[in-house]
Structure formats: C-alpha cells, structure tokens
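A quick note: this is a predicted structure, and the numbers were derived from the prediction, not measured.
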Amino acid sequence: MPPIVIHTGPLRVNTLIVPLSGNDVFIVDPAGCRYSGDENSVLGRLEAESLNPVAVVLTHGHFDHVSGLPAILKKYPSLPVLIHASDSKMIGPDSAVSQGESLDCMGFGEFLPYVSELPSQTAFLQDGKTLLECMGGPAGLDEDTAAALGRWLVMHTPGHTRGSVCLLNKVEKVLVSGDTFFYRSWGRTDLPGGNEDDIQKSLASILYEIDDDVRVFPGHDRFGFTKKD
C-alpha cells in the first residue's frame, strides 16, 4: 500500500503517512501549522482513518518540513522523532538559530516563531540502518509493525542539507526522497548546509541503488514517479 500524501505547510510539503501493519503508520515531514492554517490536517487524517502513528521521521531539518512537529507531539507526546545527527540542531530548544539562517536567506523571517523551540529528536537516523534499528529495536511495537519498520533502509544523502536522508523499501518498491530527488530535478543547494557536489554524489548513489520500478515520493510536487519517467 503506497504512502498517503497530504500537502501541508506554507510551501506545500508532501507530508507522508506511511502504512506499516494493521493501523500502524509512521509520519514523514509534518509541516502543517497555524501560519498556513492546516495545523490539524495530519492529525485529522489519522483520526478519520483510525491510524496509529509509531514514529515521526524527518528527511531533513528545513523549516518547511518540521513546522508540524509541535501539533503532532502535543497530541502524541511520547512519539519517537528521528532525524540525522547532522541536521539535529534544526529542531529542539535552540532551533531558532539554525532555522533563522535559512529563513533570512529566503526573506521569510516572519515564519521564525513557528520553528522556534521545536521538539527534540529521540533517536538519530543512521546511514545503512533500518528504521527499526534506528528506533532501538522492537520494544513496545507489534511484531508485524516491527518487521515492516525493518524493511525501511536509511540512506544518508547530503547535499540539500548536511543531514538529508532518503528512505528505501525494496520490498514495497518505494523511495521517500525528501528534497534530494525530485521529478527530473533535485533539491536546491544554496541554503546553509547545502552543497552541489554532495547532492550530485547522492543522486548518483540513489539512481544506482533503486530499481527502475521503484516509485519515488519526494518532499514537494509530483510523486509516485520512477527514475525512468
């Protein structure tokens, strides 16, 4: 079953609700907030379909991908939050500093209050490990849910940010690519932490790793395409 896609936040992020087993899911890049008037969009979808989130996974730390954390954690305060260590300062109590750097570059300083003092991570995403391993194992999880999390592999794909990651499920043939890999394009590298050489290396690694029929779900715009489209 493919991820549910909800467009959230001021830049219309593709927030994903990814099915695992039964009603269990994990959430990728929640962005709905009071600024954009969609603070409860993800929560409403979870409630409407009786879905149970077991984790929030952040493909990177940019403001438009993390602004929904407060609403999600207010409803589910014990929900694990995972991000790569290299982007971890973009959330947590000191998030205003690093978020302010990117917002200033974009002339969008008015958004800073919505990404200040964000919830912190509870675990780090690590290259080559599964989401289950990054979460510390199956404790407290349904057996089938744990097995499903074990099929999602973390790929560290720096370039858009230092801590950008993709998530690859070879069984379901799905790649969650964040802002690294878009339809016939790739993420910008002109914001703090971006690097064009790094993203080109990351793109080459992704294209080598995924099969032709893997469907790609990026952080914005068109989704469900393959590398041959």
**Student:** Flag the pair L16 / D29 as yes when at least one side-chain heavy-atom distance between them is below 4.5 Å, and no otherwise.
**Tutor:** no

**Student:** For the CZ atom on R34, are there more than 12 heavy atoms of other groups (residues, nucleotides or ligands in this structure) within a distance under 6.0 Å?
**Tutor:** no

**Student:** Any donor and acceptor pair, going by atom type alone, linking the side chain of S185 with main-chain N or O of F182 inside 3.5 Å?
**Tutor:** no

**Student:** NE2 of H60 to CG of L125: how many Å apart, nearest 0.5 Å?
**Tutor:** 13.0 Å

**Student:** Is it the case that the side chain of S67 and the backbone of V115 share a donor-acceptor pair, with hydrogens and angles ignored and the cut-off at 3.5 Å?
**Tutor:** no

**Student:** Do the side chains of L167 and L153 get nearer than 4.5 Å, heavy atoms only?
**Tutor:** no

**Student:** Any non-hydrogen side-chain atom of Q99 less than 4.5 Å from a side-chain atom of M90?
**Tutor:** yes

**Student:** Counting C-beta onward and ignoring hydrogens, is there a side-chain heavy-atom pair between Y76 and L46 closer than 4.5 Å?
**Tutor:** yes

**Student:** Distance from C33 atom SG to N40 atom CG, nearest 0.5 Å?
**Tutor:** 11.0 Å

**Student:** Checking side-chain polar atoms at under 3.5 Å, does N23 have a donor or acceptor matched by the opposite partner on N52?
**Tutor:** no

**Student:** Between N14 and V5, is the side chain to side chain contact (heavy atoms under 4.5 Å, CB included) condition met? List the steps.
**Tutor:** CA-CA 6 Å; N14 290 338; V5 182; 3.9 Å; yes

**Student:** Above 12 or not: heavy atoms from other molecules or residues under 6.0 Å from CD of E143?
**Tutor:** no

**Student:** If every non-hydrogen atom of S102 is compared with every non-hydrogen atom of P192, which pair is closest and at what distance?
**Tutor:** OG-CD, 3.9 Å

**Student:** As an exercise, state the distance from CZ of R45 to OG1 of T15, rounded to the nearest 0.5 Å.
**Tutor:** 12.0 Å

**Student:** Around atom CD of E196, are there more than 12 heavy atoms from other residues, nucleotides or ligands closer than 6.0 Å?
**Tutor:** yes

**Student:** Are V54 and V174 grouped together when hydrophobic residues (ILVMFWY) are joined by side-chain heavy atoms under 4.5 angstrom apart?
**Tutor:** yes

**Student:** What pair of heavy atoms forms the shortest contact from P80 to M135, and how long is it?
**Tutor:** CG-CE, 4.2 Å

**Student:** Decide yes or no for E209 and K170: does some side-chain heavy atom of the first lie under 4.5 Å from some side-chain heavy atom of the second?
**Tutor:** yes

**Student:** I'd like to know if the side chain of S202 and the backbone of D198 have a donor-acceptor N/O pair within less than 3.5 Å.
**Tutor:** yes

**Student:** With the 4.5 Å side-chain cut-off for hydrophobic clustering, are I83 and I27 part of the same group?
**Tutor:** yes

**Student:** Are V25 and V18 close enough that some pair of their side-chain heavy atoms sits under 4.5 Å apart?
**Tutor:** no

**Student:** Check the pair L69, V56 against side chain to side chain contact (heavy atoms under 4.5 Å, CB included), reporting the backbone distance first and the verdict last.
**Tutor:** CA-CA 8 Å; L69 278 178; V56 175; 3.9 Å; yes

**Student:** Where do D212 and K227 land on the salt bridge (Lys or Arg N to Asp or Glu O under 4.0 Å) test, with the steps shown first?
**Tutor:** CA-CA 6 Å; D212 289 346; K227 69 179 182 181; 3.7 Å; yes

**Student:** Are there more than 12 heavy atoms of other residues, nucleotides or ligands under 6.0 Å from atom CD of Q200?
**Tutor:** yes

**Student:** Provide the closest heavy-atom pair for S41 versus T8 in the form atom of the first, atom of the second, distance.
**Tutor:** OG-CG2, 3.5 Å

**Student:** Would L43 and I72 count as a side chain to side chain contact (heavy atoms under 4.5 Å, CB included) here? Give the steps.
**Tutor:** CA-CA 7 Å; L43 294 172; I72 299 294; 3.9 Å; yes

**Student:** Hey, which of V28, V66, D64 is the one that makes side chain to side chain contact (heavy atoms under 4.5 Å, CB included) with V13?
**Tutor:** D64

**Student:** Rounded at 0.5 Å granularity, tell me how far CG in D104 sits from CG in L191.
**Tutor:** 11.0 Å

**Student:** Measure across P93 and E117 and return the closest heavy-atom pair with its distance rounded to 0.1 Å.
**Tutor:** O-CG, 3.7 Å

**Student:** For a ring pair (Phe, Tyr, Trp, His ring centres under 6.0 Å) check, start with the C-alpha distance between H220 and H65, then their side-chain angles and the critical distance, and finish with the verdict.
**Tutor:** CA-CA 10 Å; H220 299 273; H65 289 250; 5.1 Å; yes

**Student:** Please determine whether side chain to side chain contact (heavy atoms under 4.5 Å, CB included) holds for the pair L58 and I91, giving the CA-CA distance in whole Å, both sets of side-chain angles, and the decisive distance to 0.1 Å.
**Tutor:** CA-CA 10 Å; L58 304 175; I91 61 174; 4.1 Å; yes

**Student:** Going through the checks in order, is the salt bridge (Lys or Arg N to Asp or Glu O under 4.0 Å) test met by E172 and R215?
**Tutor:** CA-CA 9 Å; E172 298 291 337; R215 293 166 295 166; 5.4 Å; no

**Student:** Decide yes or no for T130 and V154: does some side-chain heavy atom of the first lie under 4.5 Å from some side-chain heavy atom of the second?
**Tutor:** no

**Student:** Keeping to residues at least two apart or across chains, list the ring-ring contact (aromatic ring centres under 6.0 Å, His included) pairs with something in residues 5-29.
**Tutor:** F26-W152

**Student:** Does any N or O in the side chain of D87 come within less than 3.5 Å of the main-chain N or O of H84, such that one atom is a donor and the other an acceptor?
**Tutor:** no

**Student:** Would you indicate whether the side-chain heavy atoms of D142 and S21 approach each other to under 4.5 Å?
**Tutor:** yes

**Student:** Is a side-chain donor or acceptor of T122 paired with a backbone partner of V81 at a separation under 3.5 angstrom?
**Tutor:** yes

**Student:** Look up atom CD in E133 and atom CG in L149, then write down how far apart they are to the nearest 0.5 Å.
**Tutor:** 11.0 Å

**Student:** If I compare all heavy atoms of P53 with all of L79, which pair ends up nearest, and what's the gap?
**Tutor:** O-CD1, 3.2 Å

**Student:** Do F124 and V165 belong to the same hydrophobic cluster, where Ile, Leu, Val, Met, Phe, Trp and Tyr are linked whenever their side-chain heavy atoms lie under 4.5 Å apart, directly or via other members?
**Tutor:** no

**Student:** Is the Y35 to F63 ring centre distance short of 6.0 Å?
**Tutor:** no

**Student:** Do you know which two heavy atoms are closest between L132 and A146, and how far apart they sit?
**Tutor:** CD2-O, 3.4 Å

**Student:** Other than V216, what residues sit in its cluster of Ile, Leu, Val, Met, Phe, Trp and Tyr side chains whose heavy atoms are under 4.5 Å apart, directly or through others?
**Tutor:** M155, L168, L175, F181, Y183, W186, I199, L203, I206, L207, I210, V214, F225

**Student:** Can you tell me how far CD1 of I4 sits from CZ of F217, rounded to the nearest 0.5 angstrom?
**Tutor:** 11.0 Å

**Student:** With distance as the sole criterion, is a donor-acceptor pair present between the side chains of T161 and S164 under 3.5 Å?
**Tutor:** yes

**Student:** Look at the side chain of S116 and the backbone N and O of A96, then say whether any donor-acceptor pair between them is shorter than 3.5 Å.
**Tutor:** no

**Student:** Hydrophobic cluster membership, with links at side-chain heavy-atom distances under 4.5 Å among I/L/V/M/F/W/Y: are V57 and L141 in one?
**Tutor:** yes

